[in-house]
Amino acid sequence: QVQLVESGGGSVQAGGSLRLSCVASGYIDSRYCMGWFRQVPGKEREGVVVIYIGGGSADWTDSVKGRFTISQDNAKNTLYLQMNALKHEDTGMYYCAAKRMDIAGSCSWWRKWYTYWGQGTQVAVSS
């Protein structure tokens, strides 16, 4: 069983930065896909970035390319989302997700594909 705990959200002005953390407890190895998703009330949860922990480049949604970066600290079982040049439209609840890949393939953008979810951390960007 894997548990994910997000932190690092907050309120910032447009143009500011935040770094979100997702700490995974339980066993996550290189066969996992992980992702950051976000949701605003009344809208579907959308993918921000997905990444295969075992290697390869992250896949980003167009709206955050060039502004957000992702990194991982395997020793701490932590996935980070560095968000720079924040915009009002980045506001939302940010969730970390994970799924083990039993066979080789690509990480999905479909939220229902993921097995494990954190409780979310709120990001509010004022314009």
Side-chain angles (χ1 to χ4, degrees):
Q1 189 73 11
V2 172
Q3 291 185 325
L4 306 173
V5 178
E6 304 96 331
S7 62
S11 298
V12 296
Q13 290 189 331
S17 298
L18 285 172
R19 188 177 77 158
L20 306 185
S21 300
C22 171
V23 179
S25 61
Y27 184 66
I28 286 194
D29 60 22
S30 60
R31 294 173 293 175
Y32 273 77
C33 280
M34 295 190 73
W36 285 97
F37 291 73
R38 64 187 179 190
Q39 188 171 22
V40 296
K43 291 191 175 182
E44 291 285 324
R45 192 172 297 185
E46 65 171 2
V48 175
V49 60
V50 296
I51 186 170
Y52 183 61
I53 297 300
S57 58
D59 194 11
W60 295 92
T61 192
D62 287 343
S63 64
V64 307
K65 286 180 180 177
R67 300 188 295 122
F68 291 11
T69 57
I70 194 169
S71 61
Q72 57 191 83
D73 184 333
N74 293 334
K76 295 182 179 180
N77 265 8
T78 302
L79 188 70
Y80 300 101
L81 180 66
Q82 178 66 44
M83 307 188 295
N84 298 327
L86 282 161
K87 303 177 180 180
H88 177 66
E89 50 265 41
D90 294 318
T91 293
M93 185 71 81
Y94 282 69
Y95 298 91
C96 180
K99 179 182 173 65
R100 194 178 78 174
M101 298 283 283
D102 293 321
I103 57 175
S106 300
C107 298
S108 175
W109 283 97
W110 187 41
R111 59 182 177 83
K112 292 184 179 181
W113 184 78
Y114 287 83
T115 310
Y116 304 105
W117 289 89
Q119 82 291 347
T121 186
Q122 181 70 43
V123 171
V125 184
S126 57
S127 55

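No experiment lies behind these values; they were computed from the predicted model shown. Numbers here are sequence positions counted from 1.
Judged as a ring pair (Phe, Tyr, Trp, His ring centres under 6.0 Å), the pairs with a partner in residues 28-63 (not counting sequence neighbours) are, in order, F37-Y114, F37-W117.
Considering every non-hydrogen atom in both G26 and N77, the closest pair reads O-ND2, 3.6 Å. In terms of heavy-atom proximity, Q39 sits nearest to Y95 at OE1-CE1, 4.1 Å. Summarising the geometry of V23 relative to T78, their closest heavy-atom pair is CG2-OG1, 3.6 Å, with the distance given to 0.1 Å. Considering all non-hydrogen atoms of both residues, Q119 and L4 come closest at OE1-O, 3.7 Å. Between F68 and V48 the shortest heavy-atom distance is CD2-CG1, 3.9 Å. Here the closest non-hydrogen pair linking A98 and M34 is CB-CG, 4.0 Å.
Of the options K112, R111, R38, a salt bridge (Lys or Arg N to Asp or Glu O under 4.0 Å) to E44 is made by R111 and by none of the others.
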Which pairs would a plain distance check flag for residues 8-21, meaning a side-chain donor or acceptor within less than 3.5 Å of a matching protein atom at least two apart in sequence or in another chain?
{"unit_1": "S17", "atom_1": "OG", "unit_2": "N84", "atom_2": "OD1", "d": "2.9"}

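Judged by distance alone, with hydrogens and angles left aside, the side-chain atoms of H88 form no donor-acceptor pair with the main-chain N or O of S126 at under 3.5 Å. Between the side chain of E6 and the backbone N or O of C96 there is at least one donor-acceptor pair closer than 3.5 Å.
If you take CG on L81 and OG on S71, they are separated by 8.5 Å, rounding to the nearest 0.5 Å. Here the straight-line distance linking atom CH2 of W113 with atom NZ of K99 works out to 6.0 Å at 0.5 Å rounding. With rounding to the nearest 0.5 angstrom, the CD1 atom of I28 is 11.0 Å from the SG atom of C33.
Salt-bridge annotation for D62 and K65: present, with a side-chain N of the basic residue lying under 4.0 Å from a carboxylate O of the acidic one.
Between V2 and R100 there is no side-chain heavy-atom pair separated by less than 4.5 Å. Residues Y116 and Q1 have side chains in contact (heavy-atom distance under 4.5 Å, counting atoms from C-beta outward). I53 is listed as a side-chain neighbour of Q72, based on a closest heavy-atom distance under 4.5 Å.
Taking a 6.0 Å sphere around CD of Q3, one finds it holds 12 or fewer heavy atoms contributed by other residues, nucleotides or ligands.
When hydrophobic clusters are built by joining Ile, Leu, Val, Met, Phe, Trp and Tyr residues whose side-chain heavy atoms come closer than 4.5 Å, directly or via intermediates, V50 is not grouped with Y94. Under the 4.5 Å side-chain contact rule for hydrophobic residues, W109 and M93 share a cluster. The hydrophobic clustering, which links ILVMFWY residues whose side-chain heavy atoms are closer than 4.5 Å, places W110 and M101 together.
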